[in-house]
Every structure is written in structure tokens, then in C-alpha cells.
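The structure appears right after this line, and notes come after that.
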Amino acid sequence: MTGFLEGKTVAVTGGGGGIGRTVSLACAAEGANVVVADHGVSMDGSNPSSEVADAVVKEIEAAGGTAIAVAGDVSKFQTGADIVAAAVDTWGSIDGVVCVAGNLRERMLFNMSEDEFDAVIAVHLKGHFNLYRHASAVMRKQEGGGSMVGFTSAAFVGSTAQANYSAAKGGIISLTRSAALSLHRYGVRANCIAPVAKTRMSENVPFEFETGEPTAVAPMAVYLLSDAAKEITGQTYTVVGPRISVWNQPREIRSMFAPGDEWTAEGIAETLPRTIKDEEHPMLAELKVRMAQMEAKKG
Ligand SMILES: NC(=O)c1ccc[n+]([C@@H]2O[C@H](COP(=O)([O-])OP(=O)(O)OC[C@H]3O[C@@H](n4cnc5c(N)ncnc54)[C@H](O)[C@@H]3O)[C@@H](O)[C@H]2O)c1
């Protein structure tokens, strides 16, 4: 270990299971005090238990590290405050937050219930807000600022049976980019990881996909939390097995101008297809291949 996070205090939501557990363990191994924040729920959010967070705290302590558990539900505004307060009350600062907690409620858009939509937005998008909001209020005033790491997914580009999840993950990128922008002058950074790893969340994906172990994701979280990444903010990185990729920054790429003050619909219909055109939706192209794989799997 290199002591990358020596002297820092870091909170990891979802830090008791899946990828989050490996992030908690890696942060502690790199010298951080860790708040393991996990509601200990099944994938749809049911059956909460404090045992999941407690078990990771025990693992960290057994390896000689320091950690405490908070078992609350990150979709609650108060839980964000409780997690940050636990860090500050115990160790005097909150230098990093990593928002790994997540749930799934898969359904085609036309069948999705209001509860299925709300539950996913609440844990993912609101869960990030709840942590970013309370952590940044402390970080902006403390020497050394802080680092916030969100967990998004390549599914933000689009997902056939997870419109709720895709929307939440897109929102997390926008929230994180906004945090990077507004907190830059206070020395607070914010970045996203889009992981792929073998966990309970990915075990039912019905097509073949590039994947890796959850432990492969943790070093990127450690790096983004560390002072080695102090110039990095507002970025999104895919992490899967040995591959780390940076995402582009969204920008307008082509424009057309009306001959007068404004376009008419007729003018747009005539001009757009031969000037600015459209841009290929990358998931639509993949969809055909995936549908064929899914059919083959069904037998
Ligand atoms: N596994 C993948 O391939 C993959 C791909 C893309 C994105 N992601 C994202 O990475 C993150 C981690 O995923 P994972 O595969 O490790 O999932 P996981 O289901 O294995 O672990 C999620 C953890 O979050 C906790 N949790 C769930 N709801 C909570 C809540 N309301 N409050 C506090 N804790 C809560 C669970 O108890 C669990 O320990 C998620 O945000 C997920 O969307 C994962």
C-alpha cells in the first residue's frame, strides 16, 4: 500500500456490498478513516440490515484500519447529514465521499409504475444530492477542500428496460458536473466513475458484455479521492477490468441559421437533413445485436 489517502476521512455509500465494499476496503488500506454507509438492502431496496456495513467495518479493523458504520437509507436527506456528521464528529473532517449505493427496478417504460421510477431516482440521483449537499457544505470551508466521486453507468446513454436507471445515471453526471463547476473555487472536486463489474446487480444482464472484478474499480476511486488527482474535476471515467476510459464532454457540434430571425418548421424540414443532420444513437446500433443474443440465450 502507498498511503495514498493517509490522514483523510472518506465516506462510502453502498460501502458494505458489491463494488462499494471494495472501495471501502481500498480506502482504508490506503490510510483513510472510512465511514461505511450502507442500508444493507436487497437489490430492490427491501429488507434493510445494519449487518452489511458492520461486517465491512470489522474487516477493515481486522486489517488494522479505522472505520465506522452508518446504516441509513441514502435516499433520505437526513442520512446525508448523518453520514457527514459521523465523519466530522469522529475524525474532524470529511475529505471525500464516494456514492456507490444503488438499486434497480427494471421495466419497459410503458409498464413502469410511478413507484418504480421514484425509487430508482431517489436512491441514485437524490442519494448523490444528499451526500454532495452535506459534504460540500463542510468541504468548502475546510483546508484542503475535498473530493466527491459519483457512480454513474454507461446506461446513461440509453437503456431499453431501465429508463428510470438511465435517467438517474444521466442526472448524476449533470449533478457532478455542476458540483465541479460551482465548487471549483473552494478546492472541491467532483467526478464520476461508470463501472462494470461482476456483482449481484449485473448478474442478470441478458446479453454478453465486457466486465471485470469489483476490486478493479476501487483504485480509480482511491485515485480520484487523492491529492494526486487535484487537477481532475468534472470528468467521467469508465472502469472495467484493466480498461479505464475518459468520456467526452457534451458540446454542440453543428449549427444552422435561419435566413430571417427564426426558423419555420417547413424551413427546418428542408434544411436540417442536408446541413446539421442528426447524430447516431450509439445504443440503437447495438440493440439489434443484443436482441439476437437474448433470443439465443432464451433458446
Ligand atoms: N455492477 C455493474 O456492472 C455496474 C454497472 C454500472 C453501474 N454500476 C453502479 O455501481 C454502483 C454499485 O453497484 P454494485 O454492482 O456494487 O451494486 P450492489 O447491489 O452489489 O451493491 C449496492 C450496495 O448499495 C447498498 N444500497 C442500496 N440501496 C441503498 C440505500 N438506499 N442506502 C444505502 N445503501 C444502499 C446495498 O445495500 C448494497 O450494499 C451502483 O450505483 C450501480 O448503479 C454498477
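Note that the structure is a prediction, hence the values are computed from the model and not measured. Note: hydrogens, waters and symmetry copies are ignored here, and every other heavy atom, side chains too, is used.
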Indicate whether any N or O donor in one side chain lies under 3.5 Å from an N or O acceptor in the other, for Ser136 and Tyr186.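 Distance-only check fails for Ser136 and Tyr186.
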What's the separation between atom [atom1] in [X] and atom [atom2] in [Y], rounded to the nearest 0.5 Å?
X      : Y      : atom1 : atom2 : value
Thr211 : Glu203 : OG1   : CD    : 11.5 Å
Thr160 : Glu286 : OG1   : CD    : 11.0 Å
Leu183 : Met139 : CG    : CE    : 9.0 Å
Leu125 : Ile172 : CG    : CD1   : 6.0 Å
Asn248 : Ile253 : CG    : CD1   : 9.5 Å
Thr13  : Ile83  : OG1   : CD1   : 6.5 Å

In one Ile/Leu/Val/Met/Phe/Trp/Tyr side-chain cluster, 4.5 Å: [X], [Y]:
X      : Y      : value
Leu225 : Val97  : no
Ile193 : Leu131 : no
Val10  : Ile232 : yes
Val84  : Leu175 : yes
Val138 : Ile68  : yes

Is it the case that more than 12 heavy atoms not belonging to [X] sit under 6.0 Å from its [atom1] atom?
X      : atom1 : answer
Glu266 : CD    : no
Met291 : CE    : no
Glu51  : CD    : no
His281 : NE2   : yes
Arg185 : CZ    : no
Gln249 : CD    : yes

For a 4.5 angstrom cut-off between non-hydrogen side-chain atoms, does [X] reach [Y]?
X      : Y      : value
Tyr165 : Met201 : yes
Val157 : Pro282 : yes
Gln235 : Arg177 : no
Val56  : Leu25  : yes
Thr66  : Ile60  : no

Can you tell me if [X] uses its side chain to pair, donor with acceptor, with the backbone of [Y] under 3.5 Å?
X      : Y      : result
Ser159 : Ala155 : no
Ser166 : Ala163 : no
Glu30  : Phe4   : yes
Asn103 : Met43  : no
Thr238 : Ile244 : no
Thr271 : Ile268 : no
Asp95  : Thr9   : yes
Ser202 : Thr199 : yes
His128 : Gly150 : no
Gln142 : Ile94  : yes

Summary of salt bridge (charged side-chain N to carboxylate O under 4.0 Å, His left out) pairs that have at least one residue in residues 213-240, sequence neighbours excluded: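 Residue pairs with at least one partner in residues 213-240: Lys8-Asp227, Lys198-Glu213.
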Just grab all the ring pair (Phe, Tyr, Trp, His ring centres under 6.0 Å) pairs involving residues 226-247, residues at least two apart or on different chains.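 Qualifying pairs, neighbours excluded: Phe156-Trp247.
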Aromatic centroids of Phe77 and His134 separated by under 6.0 Å: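 Yes, they do, as the ring centres are separated by less than 6.0 Å.
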Could you check Ser42 against Asp44 for side-chain hydrogen bond (donor to acceptor under 3.5 Å, both in side chains), going step by step and ending with a plain yes or no? CA-CA 6 Å; Ser42 57; Asp44 66 1; 2.9 Å; yes
Testing the basics here: between [X] and [Y], what is the closest heavy-atom pair and its distance to 0.1 Å?
X      : Y      : answer
Val120 : Asn164 : CG2-ND2, 3.5 Å
Ala135 : Met148 : CB-SD, 4.4 Å
Val217 : Val239 : CA-CG1, 3.8 Å
Thr264 : Gly267 : OG1-N, 2.9 Å
Asp38  : Gly40  : OD1-N, 2.7 Å
Phe151 : Lys169 : O-NZ, 2.7 Å

For Val100 and Val12, run side chain to side chain contact (heavy atoms under 4.5 Å, CB included): C-alpha distance rounded to whole Å, both residues' side-chain angles, the deciding distance at 0.1 Å, then the answer. CA-CA 7 Å; Val100 199; Val12 185; 3.9 Å; yes
Between the side chains of Glu208 and Arg290, is the shortest nitrogen-to-carboxylate-oxygen separation below 4.0 Å, so that they form an ion pair?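 Looking at Glu208 together with Arg290, the answer is no, because their closest N to O distance does not fall below 4.0 Å.
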Give the intermediate values and the outcome of salt bridge (charged side-chain N to carboxylate O under 4.0 Å, His left out) for residues Asp115 and Arg105. CA-CA 9 Å; Asp115 176 62; Arg105 298 280 185 93; 3.0 Å; yes
Before giving the answer on side chain to side chain contact (heavy atoms under 4.5 Å, CB included), spell out for Leu272 and Trp263 the whole-Å C-alpha distance, their side-chain angles and the decisive distance to 0.1 Å. CA-CA 11 Å; Leu272 185 144; Trp263 283 103; over 6 Å; no
Can you check side chain to side chain contact (heavy atoms under 4.5 Å, CB included) on Asn130 and Val74, steps first, answer last? CA-CA 7 Å; Asn130 292 339; Val74 293; 5.7 Å; no
Evaluation steps, side chain to side chain contact (heavy atoms under 4.5 Å, CB included), between Thr236 and Thr152: CA-CA 8 Å; Thr236 300; Thr152 183; 3.9 Å; yes
